[in-house]
K.L.:
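Shown below is the structure under consideration.
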Amino acid sequence: MSAYDANNVFAKILRGEIPCNTLLETEHALAFHDIAPVAPTHVLVIPKGAYVNAADFYARASEAEIIGYARAITAALKALGLSDGFRLISNNGASAGQSVFHFHTHILAGRPMHALLAKE
Ligand code: AMP
C-alpha cells in the first residue's frame with residue numbers, strides 16, 4: 001500500500017480547499033454527495049483522519065475513530081431515509097477500483113442492485 005498523499009481530493013475537501021455537497025459532518029467523519037453519482041443516491045462517507053483505505057483505517061485508527069465512523073454511516077443512512085435497499089462499498093487499491101486514496105465508503109441506493117459483480 002502506498003503512503004497517504006495529503007494532496008488527494010478528499011484531503012482537500014476536508015481542509016476546505018475545494019467545495020463539496022455536504023450531507024452531514026461529525027467529530028470523526030464527513031458525508032457528502034458523490035460528484036459523479038452512479039445511482040440516484042450516491043453518498044461518500046470519509047473519516048477525518050489520514051487513512052489510505054479500509055485496510056489502513058481498520059488497522060491504525062483509534063477505537064473512537066472507528067466507532068465514530070460507523071456512527072457517521074448510520075447517521076448518513078438516517079438522513080437519507082434508508083433502512084434497507086442500499087449498498088455500502090469500499091474499494092481497496094486501484095485493482096479493486098479505488099481512484100481516491102483517502103478511505104471512503106460509498107452509500108448507493110435508489111435503483112435495483114442485483115449481483116455484487118458482473119461475471120467476467
Ligand atoms: P473510488 O473509485 O472508490 O475511489 O471512489 C471515488 C469516488 O469519488 C468516485 O465515485 C468519484 O466520483 C468521487 N469523487 C471524486 N472527486 C470528487 C469530488 N470532488 N467531490 C465528490 N466526489 C468526488
Side-chain angles (χ1 to χ4, degrees):
M1 184 177 64
S2 306
Y4 184 81
D5 173 9
N7 283 321
N8 76 75
V9 67
F10 295 169
K12 290 180 179 176
I13 286 174
L14 284 169
R15 290 196 296 268
E17 294 170 7
I18 61 173
C20 71
N21 184 359
T22 301
L23 176 67
L24 62 84
E25 182 170 4
T26 70
E27 179 183 358
H28 292 292
L30 178 67
F32 53 97
H33 294 272
D34 196 291
I35 202 167
V38 297
T41 296
H42 189 170
V43 164
L44 303 169
V45 185
I46 67 174
K48 290 186 172 175
Y51 300 99
V52 173
N53 57 26
D56 186 29
F57 178 72
Y58 289 112
R60 293 198 301 111
S62 68
E63 290 185 11
E65 288 177 294
I66 292 171
I67 292 168
Y69 186 70
R71 296 276 190 240
I73 291 176
T74 305
L77 293 171
K78 185 174 181 186
L80 293 166
L82 295 172
S83 56
D84 64 11
F86 62 87
R87 186 170 281 178
L88 303 179
I89 297 174
S90 293
N91 298 319
N92 283 246
S95 63
Q98 187 175 7
S99 61
V100 178
F101 292 88
H102 178 112
F103 173 43
H104 53 281
T105 299
H106 299 255
I107 299 175
L108 296 165
R111 70 172 172 85
M113 288 173 275
H114 300 297
L116 181 57
L117 288 174
K119 289 183 180 166
E120 299 273 324

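Start at 1 and go down the list; that is how both ligands and their atoms are numbered.
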K.L.:
Out of Leu108, Ile107, Ile35, which residue meets the side chain to side chain contact (heavy atoms under 4.5 Å, CB included) rule with His42?
P.N.:
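The side chain to side chain contact (heavy atoms under 4.5 Å, CB included) with His42 is passed solely by Leu108 among Leu108, Ile107, Ile35.
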K.L.:
If you measure from each non-hydrogen atom of Ile35 to ligand 1, which part falls under 4.0 Å: side chain, backbone, both or neither?
P.N.:
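For Ile35, the contact with ligand 1 is made by both the backbone and the side chain.
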K.L.:
Do the side chain of Lys48 and the main chain of Glu65 share a donor and acceptor less than 3.5 angstrom apart?
P.N.:
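Flag not set: sc Lys48 to bb Glu65 has no pair under 3.5 Å.
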K.L.:
Under 4.0 Å from a heavy atom of His33: give me the atoms of ligand 1 that qualify, with their elements.
P.N.:
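The list of qualifying atoms is 21 (C).
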K.L.:
Tell me which protein heavy atom sits closest to atom 7 (C) of ligand 1, plus the residue, atom name and distance to 0.1 Å.
P.N.:
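Going atom by atom, the protein heavy atom closest to atom 7 (C) of ligand 1 ends up being Asp34 OD2, 3.5 Å.
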K.L.:
Just heavy atoms, cut-off under 4.0 Å: does His104 contact ligand 1 by side chain, backbone, both, or neither?
P.N.:
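Side chain only; the backbone of His104 stays clear of ligand 1.
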K.L.:
Counting only heavy atoms, which portion of Leu44 has something under 4.0 Å from ligand 1: side chain, backbone, both, or neither?
P.N.:
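Side chain only; the backbone of Leu44 stays clear of ligand 1.
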K.L.:
When you measure from atom 8 (O) of ligand 1 to every protein heavy atom, which one gives the shortest distance, and what is it?
P.N.:
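Nearest protein contact, heavy atoms only, for atom 8 (O) of ligand 1 is Phe10 CZ, 3.3 Å.
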K.L.:
Is the shortest distance from a heavy atom of Gly97 to ligand 1 less than 4.0 Å?
P.N.:
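So Gly97 counts as touching ligand 1.
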K.L.:
In terms of the angle between their ring planes, are Phe103 and Tyr69 parallel, tilted or perpendicular, with boundaries placed at 30° and 60°?
P.N.:
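Answer is tilted, since the angle falls between 30° and 60°.
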K.L.:
Among the heavy atoms of His106, does any lie under 4.0 Å from an atom of ligand 1?
P.N.:
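A heavy atom of His106 does come that close to ligand 1.
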K.L.:
Quick one: does ligand 1 sit under 4.0 Å from the side chain of Phe101, the backbone, both or neither, non-hydrogen atoms only?
P.N.:
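Under 4.0 Å from ligand 1, Phe101 contributes no heavy atoms.
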K.L.:
May I ask you to check if ligand 1 and Asn91 share an N or O to N or O distance below 3.5 Å?
P.N.:
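The answer is yes, given that Asn91 and ligand 1 share an N or O pair closer than 3.5 Å.
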K.L.:
In the protein, what heavy atom is nearest to atom 4 (O) of ligand 1, and what distance, to one decimal place, separates them?
P.N.:
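I find the closest protein heavy atom is Ser99 N, 2.7 Å.
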K.L.:
Can you list the atoms of ligand 1 that are under 4.0 Å from a heavy atom of Ala36?
P.N.:
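Checking each atom against Ala36, I get 12 (O).
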K.L.:
In this structure, would Val52 and Val9 fall into the same cluster of hydrophobic residues linked by side-chain contacts under 4.5 Å?
P.N.:
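No, it is not one cluster - the side chains of Val52 and Val9 are not joined through contacts under 4.5 Å.
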K.L.:
Mark yes or no for whether Arg71, through its side chain, and His28, through its backbone, hold a donor-acceptor pair below 3.5 Å.
P.N.:
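Flag not set: sc Arg71 to bb His28 has no pair under 3.5 Å.
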K.L.:
What residue and atom, counting heavy atoms only, is the protein's closest point to atom 19 (N) of ligand 1, and at what distance?
P.N.:
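The protein heavy atom lying closest is Val9 CG2, 3.7 Å.
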K.L.:
Please check this pair: side chain of Asn92 against backbone of Ser90, looking for a donor-acceptor N/O pair closer than 3.5 Å.
P.N.:
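Such a contact is found between Asn92 side chain and Ser90 backbone.
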K.L.:
Above 12 or not: heavy atoms from other molecules or residues under 6.0 Å from CZ of Arg60?
P.N.:
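Buried by this count: over 12 neighbours within 6.0 Å.
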K.L.:
So, is Gln98 polar-close to ligand 1, with some N/O to N/O distance under 3.5 Å?
P.N.:
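No, Gln98 has no N/O under 3.5 Å of an N/O on ligand 1.
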K.L.:
Ignoring hydrogens and angles, tell me if any N or O in the side chain of His104 forms a donor-acceptor pair with the backbone of Ala31 under 3.5 Å.
P.N.:
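A pair under 3.5 Å: no.
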K.L.:
Looking at Arg87 and His106, would you say the former's side chain and the latter's main chain have a donor-acceptor pair under 3.5 Å?
P.N.:
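Judged by distance alone, no pair lies under 3.5 Å.
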